[in-house]
Number of protein chains: 2
Amino acid sequence: MPRTPLSRERILSKAMEMADAEGLSALSMRKVAAQLDVEAMSLYNHVKNKGDMIDGITDLVAGEITLPTPDFDWKGEMRARSQSAHRVLMRHPWAVSVFVESGLPGPNMMTYLDASLGCLMAVGFTPVQADLARNTIDNHIYGFTRQQLARPRRARDFKRVAKAEAKAIPKDSYPALHRRSLALADTTAEEREDFDFGLTLILDGLEALL
Amino acid sequence: MPRTPLSRERILSKAMEMADAEGLSALSMRKVAAQLDVEAMSLYNHVKNKGDMIDGITDLVAGEITLPTPDFDWKGEMRARSQSAHRVLMRHPWAVSVFVESGLPGPNMMTYLDASLGCLMAVGFTPVQADLARNTIDNHIYGFTRQQLARPRRARDFKRVAKAEAKAIPKDSYPALHRRSLALADTTAEEREDFDFGLTLILDGLEALL
DNA sequence: TACAAAAACTTACGACGTAAGCACATCAGA
DNA sequence: TCTGATGTGCTTACGTCGTAAGTTTTTGTA
């Protein structure tokens with residue numbers, strides 16, 4: 001009986017699906033192969049090695065991010081693309097850590113970097129300023145997303161975990177930490193998931209440099 | 001001939017040394033044991049498992065960071081502790097990624113978090129604001145440090161790599177990226193390693209909230 | 001000296017990434 | 001139709017990993 005042939009696309013697509021569902025550490029050549037009804041070594045006909053496979057799905061993720069365009073309203077553009085990146089990374093939780101330490105970026109990532117730098121340089125930032133600015137913004141995106149992923153999404157669960165955390169922290173040794181956990185338990189999702197808090201800090205600060 | 005007995009401290013100290021020298025991925029129970037003239041399984045008498053070992057050395061790193069104290073000059077305090085954290089993480093390159101996704105923090109890390117939050121809350125930030133602020137600051141520290149670690153430290157090497165990078169980026173497809181690499185090649189270390197650039201953005205922005 | 005507890009060692013299992021080589025299918029040119 | 005090349009998938013195998021289980025050795029105390 002004929003099987004649909006393997007291909008780089010089929011491999012990457014299944015690998016992405018598995019990473020989204022179970023995290024990067026659950027991705028092994030053997031498991032991806034099994035999901036495709038194939039032996040592990042067959043993947044190597046279409047993919048250089050595991051690193052290449054991960055680079056592949058990482059660049060697919062990069063391709064999902066909405067690009068900024070050069071515009072008078074550069075802050076709006078950067079805010080929009082930051083929120084897009086944030087949403088995309090929330091959909092692909094494993095990707096944050098890979099984004100953050102990817103050596104040579106793939107084509108989609110390059111396009112994303114180029115568009116961001118281009119948007120900033122078009123309104124007067126020097127290339128070096130634009131580089132620093134983009135780094136600062138992306139650091140915020142990555143860090144914020146990572147932190148949000150580490151917390152329960154559902155309000156009820158969040159509250160429960162925050163309260164348990166507060167109880168587990170000795171009030172005498174760590175008073176501020178303790179107080180924070182208590183306070184967090186009583187926040188709304190809007191308050192605590194305030195992506196724009198740090199972003200606005202950064203964008204307004206950047207504007208003052210122009 | 002008598003051997004100095006194993007202990008948690010001896011294990012963590014050697015593991016830290018190895019991680020500093022060769023990176024986290026080169027740390028295996030077998031290799032750490034070998035460096036201590038001992039078999040792998042012996043480590044398990046003093047350390048719960050590999051994760052516990054890594055948590056252990058991570059908290060040692062956290063302990064090296066200078067703590068902020070509540071002070072009228074909270075910006076100075078936060079800047080000092082940020083620079084300290086940056087320096088410490090540069091000494092222990094492997095630690096950035098662990099810091100960033102550590103689940104339950106160790107005692108030194110808790111102390112560090114508590115001191116930072118305490119410093120911010122003492123000058124009037126609400127607990128939730130302090131939490132967001134500390135996150136934003138730490139995200140900047142981690143991101144900036146990671147990026148700096150990825151680049152050559154020596155000026156000559158940096159220039160060479162930046163130029164090679166510029167040459168490798170197609171000018172037509174990625175004009176802004178290309179221009180940035182060219183510009184970076186002509187910067188001084190002070191310009192490009194401007195840790196305070198983003199930090200000041202954030203601190204000044206925070207001050208406006210008070 | 002005797003004995004219990006702690007520490008170190010041995011062996012083994014089931015993962016992992018991937019090198020090397022083999023088997024089979026597809027297709028080109030004769 | 002036959003032949004050989006090319007590419008795709010499979011088999012086997014090696015060295016690495018974390019660590020469970022069981023055994024021996026060392027150490028501290030009575």
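Chain A is the first sequence line, chain B the second, and so forth, proteins listed ahead of strands; every chain is numbered from 1.
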Does NZ in B:K163 sit with more than 12 non-hydrogen atoms of other residues, nucleotides or ligands closer than 6.0 Å?
no
If you draw a 6.0 Å radius around CZ in B:R156, do more than 12 non-hydrogen atoms from other residues or ligands fall strictly inside?
no
Any donor-acceptor pair under 3.5 Å from A:D114 side chain to A:M110 backbone:
no
Is a side-chain N or O of A:S116 found less than 3.5 angstrom from the main chain of A:Y112, in a donor-acceptor match?
yes
Within the 4.0 Å heavy-atom criterion, would you say B:L27 contacts the bases, only the backbone, or no part of the nucleic acid?
sugar-phosphate
Just the rounded figure in Å: distance from [atom2] of [N] to [atom1] of [X].
X     : N      : atom1 : atom2 : result
A:E39 : D:dT8  : CD    : C1'   : 13 Å
A:N45 : C:dG21 : CG    : C1'   : 13 Å
B:L6  : D:dT26 : CG    : C1'   : 14 Å
B:L43 : D:dG18 : CG    : C1'   : 11 Å
B:R8  : C:dA7  : CZ    : P     : 13 Å
A:K31 : C:dT18 : NZ    : P     : 16 Å

Can you say whether the rings of A:H86 and A:F195 are parallel (under 30°), tilted (30 to 60°) or perpendicular (over 60°)?
parallel
Suppose we screen for salt bridge (Lys or Arg N to Asp or Glu O under 4.0 Å). Which residues come up paired with A:E17, at least two apart in sequence or across chains?
A:K14
Within the 4.0 Å limit for protein heavy atoms, which parts of nucleotides 19-25 of chain D are touched? Write it as a string from 5' to 3', B for base, S for sugar-phosphate only, - for none.
BBB----
Is [X] close enough to [N] that one of its side-chain N or O atoms is under 4.0 Å from OP1 or OP2 there?
X     : N      : result
A:S28 : C:dC16 : yes
B:H46 : C:dA6  : no
A:S42 : D:dT8  : no

